[in-house]
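Keep in mind that what you see is a predicted model, and the values were worked out from it rather than measured.
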Amino acid sequence: MASENSNKGRGVVLTAACVTMFFISSIALYSVVSKNLLAVYPDWSGALTWAFPVFQTIMAVTGIFAGRISDKIGPRNVVIAAAVCYGVGWFMSGTVTAPWQFYLWFSVVAAIGNGLGYNPALTTGQKWFIDKKGLASGITLAASTAGPAVLSPVLASLLIPSLGIFGALKALGVIFFVTILVSALFLKAPKAGWLPEGYVAPAAGAHAGTFGDLTPGEMVKTPRFWVLIVTFAFAATAGTLLVGKVASISAVQLFDDPNSAAAVALGGLVVTVNTCANLVGRLSFGQIIDKIGAYKSLLVSLVVTIVALVIMSMSFTQAIFFVALALLGFSFGALLVIYPPLTGGAFGTSNLGVNYGIMFLGYAASTWISQPITAVLYHAEAGNAAYQQSFYGAIVIAAVAVALTVYMMVSDSKKKAQA
């Protein structure tokens, strides 16, 4: 069987997955969208508070079903459905006149499209690169970071000035539908029994993880699953707690007047630096995972997160602040790269689509945890106790995630020693 295997064509599939991820990860444009929506409807400020957490939750739940369907019938038709839902959701968001309509089209319909496309695209790339899971995960998730980095200035500087916020949302809907639909045509899962050329499967089987090649039902019954998902939630909360409001943090911490023109201007640079660092983190950790393993990579990213948070909490000059910001973006970017191969390495890859979809609920949970906490930063002033406590809270949360990761590493070492 191995002699019949070939690596031909898997680069095309990975490229298609990257194109899908590039455009479907545009949820990161939400900050630009909400800002311009509130400029038109300022009284919607309170009503839209939970639009992003609702989006993330529905996206994560949809991803579970998308993973199961993709594992059974292949990713192509699932991602085509994603193109339809995602495109329609964004397009119809350009027609809203009430908050409930925005929740319906953006937080529900577009979120369903996101969940249908994100999971199959990510896991399909890994199935073709079981010999280089970290690299495949890093490349596809780097594409998901590059998308918002490229599209954000296009939206803010070209589409909105030319078409207005509602016209821009309609244009994005059309763009997303076309690009994701085309990329879906090149997505396919490898045939049963396929292995990369020259790849030698481990004794337990090519698709087996540390705990076997488990079904979703078997996975959720293991203690390791619950430790992993809690660690995911804690690790993600530590990053989203501050990264999501990093422009506000820089304004409060570095300027006497957080609303000054200089503070606003620096905010744009801060977002750019954070995005670039995030991209570098995703690309770098894709290779680091393949060299030192997913657990050690997670531990490294969490330790760097803690160091970055400590430095940022004490940085009152721009130079030191940007060092901390670069470290924080780098380590937080690694998290989503680490968890797909970590899930596959623990529970196998035969059901990775749905298994990772369930695991991703941990990330969705982090948005609900961090959302009310980060709201404090909008009104905090330098030296304000609540402001500093946000840093301390993030550090404690990251420290707990470190402890859980160390526990899992020690536990795996004992398991392998007994095998």
Side-chain angles (χ1 to χ4, degrees), residues 6-28 59-60 62-64 66-87 113-151 175-191 194 196 207 278-279 282-283 285-287 289-290 333 336-344 349-357 359-360 363:
S6 171
N7 292 341
K8 184 179 180 181
R10 67 175 183 167
V12 174
V13 177
L14 185 62
T15 300
C18 287
V19 172
T20 299
M21 295 291 282
F22 182 95
F23 287 100
I24 214 160
S25 296
S26 50
I27 176 57
M59 174 262 193
T62 303
I64 297 173
R68 180 180 294 275
I69 297 170
S70 180
D71 285 340
K72 289 185 176 181
I73 68 172
R76 181 173 300 160
N77 290 334
V78 181
V79 178
I80 288 175
V84 174
C85 292
Y86 203 58
N114 191 292
L116 287 173
Y118 184 97
N119 193 332
L122 177 60
T123 56
T124 297
Q126 282 200 67
K127 288 179 180 180
W128 281 97
F129 285 82
I130 59 174
D131 53 335
K132 299 178 180 178
K133 295 176 185 176
L135 179 62
S137 179
I139 292 174
T140 49
L141 285 163
S144 74
T145 300
V150 172
L151 294 174
I175 292 170
F176 294 154
F177 170 72
V178 173
T179 53
I180 296 171
L181 177 65
V182 172
S183 67
L185 301 179
F186 297 92
L187 285 175
K188 62 178 180 179
K191 295 180 179 180
W194 177 88
H207 302 287
N278 192 290
L279 177 61
R282 295 188 179 203
L283 287 172
F285 270 87
Q287 300 179 60
I289 292 167
D290 289 331
L336 290 178
V337 176
I338 291 169
Y339 253 82
L342 188 59
T343 303
T349 58
S350 292
N351 300 289
L352 181 60
V354 62
N355 284 350
Y356 180 66
M359 190 67 71
F360 193 79
Y363 185 85

Interatomic spacing from OG1 in T62 to CG in N114 - rounded to 0.5 Å: 9.0 Å
Between V78 and G74, which heavy-atom pair has the shortest distance, and what is it? CG2-O, 3.7 Å
A82 to G117 - nearest heavy-atom pair and separation: CB-N, 3.4 Å
Please check if the distance between the ring centroids of F360 and Y118 is under 6.0 Å. yes
Between CG on residue L116 and CE on residue M59, distance to nearest 0.5 Å: 10.5 Å
Side chains of T15 and F186: closer than 4.5 Å at any heavy-atom pair? no
L181 versus A83, closest heavy-atom pair with distance: N-CB, 3.6 Å
To the nearest 0.5 Å, what is the distance between OG1 (T124) and CG (L14)? 10.5 Å
Side chain to side chain contact (heavy atoms under 4.5 Å, CB included) evaluation trace for V13 with L187: CA-CA 5 Å; V13 177; L187 285 175; 4.2 Å; yes
Which atom names give the shortest non-hydrogen contact between T20 and A121, and what distance separates them? CG2-CB, 3.9 Å
Sub-4.5 Å side-chain heavy-atom contact between V150 and F22: yes
Taking only residues two or more places apart in sequence, or in another chain, which ones meet F23 in a ring-ring contact (aromatic ring centres under 6.0 Å, His included)? none
Once side-chain contact (heavy atoms from CB on, under 4.5 Å) is applied, do any residues pair with S144, and if so which ones, sequence neighbours excluded? M21, S25, L141, R282
Keeping the roles fixed (side chain from Y356, backbone from T123), state whether a donor-acceptor pair exists under 3.5 Å. no
Do the side chains of T140 and F129 get nearer than 4.5 Å, heavy atoms only? no
I need the L336 CG to L122 CG distance, nearest 0.5 Å. 9.0 Å
Non-hydrogen atoms of G115 and A66 that approach each other most closely: O-CB, 3.5 Å
Considering non-hydrogen atoms only, spot the tightest contact between G113 and C85 and give its length. CA-CB, 3.6 Å
Rounding to 0.5 Å, atoms OG1 (T343) and CG (N355) come to a distance of 7.5 Å
